[in-house]
Amino acid sequence: MRFATGAVAVLAAAVVRADEESSSSVSESSTSTSIVKPTFTPTTLKAPFLEQFTDDWETRWKPSHAKKDDKSTEEEWAYVGEWAVEEPSILKGMEEDKGLVVKNKAAHHAISAKFPKKIDNKGKTLVVQYEVKLQNGLECGGAYMKLLQDNKALHAEEFSNASPYIIMFGPDKCGATNKVHFIFRHKNPKTGEYEEKHLKNPPMARIVKTSTLYTLIVKQDNSIEIKIDGESVRNGTLLEDFSPSVNPEKEIDDPKDKKPDDWVDEARIPDPEAKKPEDWDEEAPFEIVDEEAKKPEDWLDNEPSTIPDPEAEKPEDWDDEEDGDWIPPTVPNPKCDEASGCGEWKPPMKKNPAYKGKWTAEYIDNPAYKGVWAPRKIKNPDYFEDKTPAKFEPIGAIGFELWTMQNDILFDNIYIGHSIEDAEKLKAETFDLKITAEKAEEEASAPKPADPPKSPSDLSFKEDPVTYVKEKWNLFVEIAKRDPVEAVKFVPEVAGGIGVLALTVIVLLVSTLAGGAAPSKEQIKANAEKAKKAAVDAKDKAAEAVATGAEKAQAEVNKRTTRSSAS
């Protein structure tokens, strides 16, 4: 068996090497697969702001090194994260196409760009579109943009989380949070204060390493639409699908109104006229002894339920003087398993038919019930109605103010304007071309799925001799653990091989011990012939045993079928 095991181990090693060589060749062929990639060409489209991060990008974008305003802690956070404009390092879909990249993990990043001219969407549709490429995935962090309020204090080097914005849009993921933000800041026309309005039920962000295109459309009729990769994923209105709502309630609860002391709000009460019946026994127990029960005839009164373990032995290092008298552990008395029970018999308990429990009066409708109290309504002194929240205040800049645990997040092809058609054209010129190449490269570099493993019975020695020997041996060993005879019947090839190997070893040992010298070629040849004959005989007998077993099984099936038909 040792020799056989060694042989299988050698074969197994050969299989591993073959698998590695196969995987290597597949990998090389995948990486060498030529994927046609377009070359970046700057668009000729015009928009209030359109950014493709060409070589002059630094004239527009300025990193911020301000302190982050965080009132929840006394620590000061600085925007130390670095930015770069470079081509993707993973799944590049277009040659010479660069994007803005977050370079540091677990760091605060801030960068912004002023618009050549403020963007005012009054009377116009607002379209915001940009690409996000999560080259290292996204476990915890944001990849959203902020469209900043136009004001005189809009300085790029001072851009921070405290900078007032009009719209915040884009993906954010951390823990259970995974959504595409759409938040807009709304000005209360009465107080002049701003309040963030968050989209209810926002769509989930796409956490993939290929590029993702996010599009936001806000029309003057207050309708909104969010698209991901050109597919519409969320529709709604600014007036109905945001929390808190844009317009407050017309009426509110009167804060001065209080519930009267005599107000009755219990709908049902215990019947005050109900009385406990005279025969109601609250002390009656839930269970009583079953007086009708009889002791089973085979009950063993004199047998204990447990006995000292007869197989337990006193430890050799047990010292009676120091450890006391040794007492063997107890085990269940086997005699009790053969009878209804052991020891003193006691009648079982049964449910008490006289049990009623604690008496309580039945509930009736309360005649004094006045209903659920609620404060009276008054006009909301802070009420206003803004019918056109889509008329955002002028926007003066765009900024990315982020913290993320993953680096190499890339932004590209930012469009902010008023034309849905131009945004679609930019998508066709850029995203549609690169995503095709990215997905082709992703598919080419993905590990190829392995063919489904064949059953040992379906294997052919000619197709794959190494796998054939390995699988047959494993099957033989697995069956032999339960039933060696069945293993010989089911896998006669291995049984014959073991016979040949064992006989050869025995002949060689006997020859060596008998003569003290190495066997001659004639002896080896003769022994080999004997071993071959023995193997053929063993295989034939095993095959005969299998055939006989199959015939017996079929006969049994026929017999059962006949019986079933007869019945």
Intermediate values then yes/no, side-chain contact (heavy atoms from CB on, under 4.5 Å), Ile167 and Phe182:
CA-CA 7 Å; Ile167 289 175; Phe182 175 23; 4.0 Å; yes
Test side chain to side chain contact (heavy atoms under 4.5 Å, CB included) applied to Ile90 - qualifying residues, sequence neighbours left out
Gln135, Asn136
Classify the side-chain pair Glu251/Asn380 by whether it contains a donor and acceptor separated by less than 3.5 Å.
no
Please determine whether side-chain contact (heavy atoms from CB on, under 4.5 Å) holds for the pair Tyr194 and Lys187, giving the CA-CA distance in whole Å, both sets of side-chain angles, and the decisive distance to 0.1 Å.
CA-CA 4 Å; Tyr194 288 87; Lys187 184 178 181 180; 3.6 Å; yes
Mark yes or no for whether Arg185, through its side chain, and Tyr165, through its backbone, hold a donor-acceptor pair below 3.5 Å.
yes
Taking 4.0 angstrom as the limit, do Lys377 and Glu249 come out as a salt bridge?
no
Between His108 and Trp403, how do the two ring planes meet: parallel, tilted or perpendicular, split at 30° and 60°?
tilted
Glu86 bridged to Lys103 by N-O distance under 4.0 Å
yes
Between the main-chain N or O of Glu131 and the side-chain N or O of Asp412, is there a donor-acceptor pair closer than 3.5 Å?
no
Looking at Asp432 and Lys427, does any basic side-chain N land under 4.0 Å from a carboxylate oxygen?
yes
Side chain to side chain contact (heavy atoms under 4.5 Å, CB included) against Cys174, all qualifying residues, sequence neighbours excluded:
Cys140
Between Asp298 and Ser340: side-chain donor-acceptor atoms closer than 3.5 Å
yes
Report the C-alpha distance between Trp61 and Phe53 in whole Å, list the side-chain angles of each, state the deciding distance to 0.1 Å, and finish with yes or no for side-chain contact (heavy atoms from CB on, under 4.5 Å).
CA-CA 9 Å; Trp61 292 85; Phe53 297 100; 3.5 Å; yes
Return the orientation label for the Tyr130 and Phe400 ring planes: parallel under 30°, perpendicular over 60°, tilted otherwise.
tilted
Do Gln52 and Thr43 have side-chain N/O donor and acceptor atoms under 3.5 Å apart?
no
Pair Glu292 + Lys350, salt bridge at N-O below 4.0 Å
no
Salt bridge flag under 4.0 Å for residues Glu139 and Lys105:
no
Is it the case that atom NZ in Lys117 sees more than 12 heavy atoms from other parts of the structure closer than 6.0 Å?
no
Grab the two heavy atoms, one from Tyr79 and one from Glu401, that are nearest each other, plus how far apart they are.
OH-OE2, 3.0 Å
Under a 3.5 Å distance rule, please check whether His109 uses its side chain to pair with a backbone N or O of Ala107 as donor and acceptor.
yes
Can you classify the ring geometry of Phe49 versus Phe115 as parallel (below 30°), tilted (30 to 60°) or perpendicular (above 60°)?
tilted
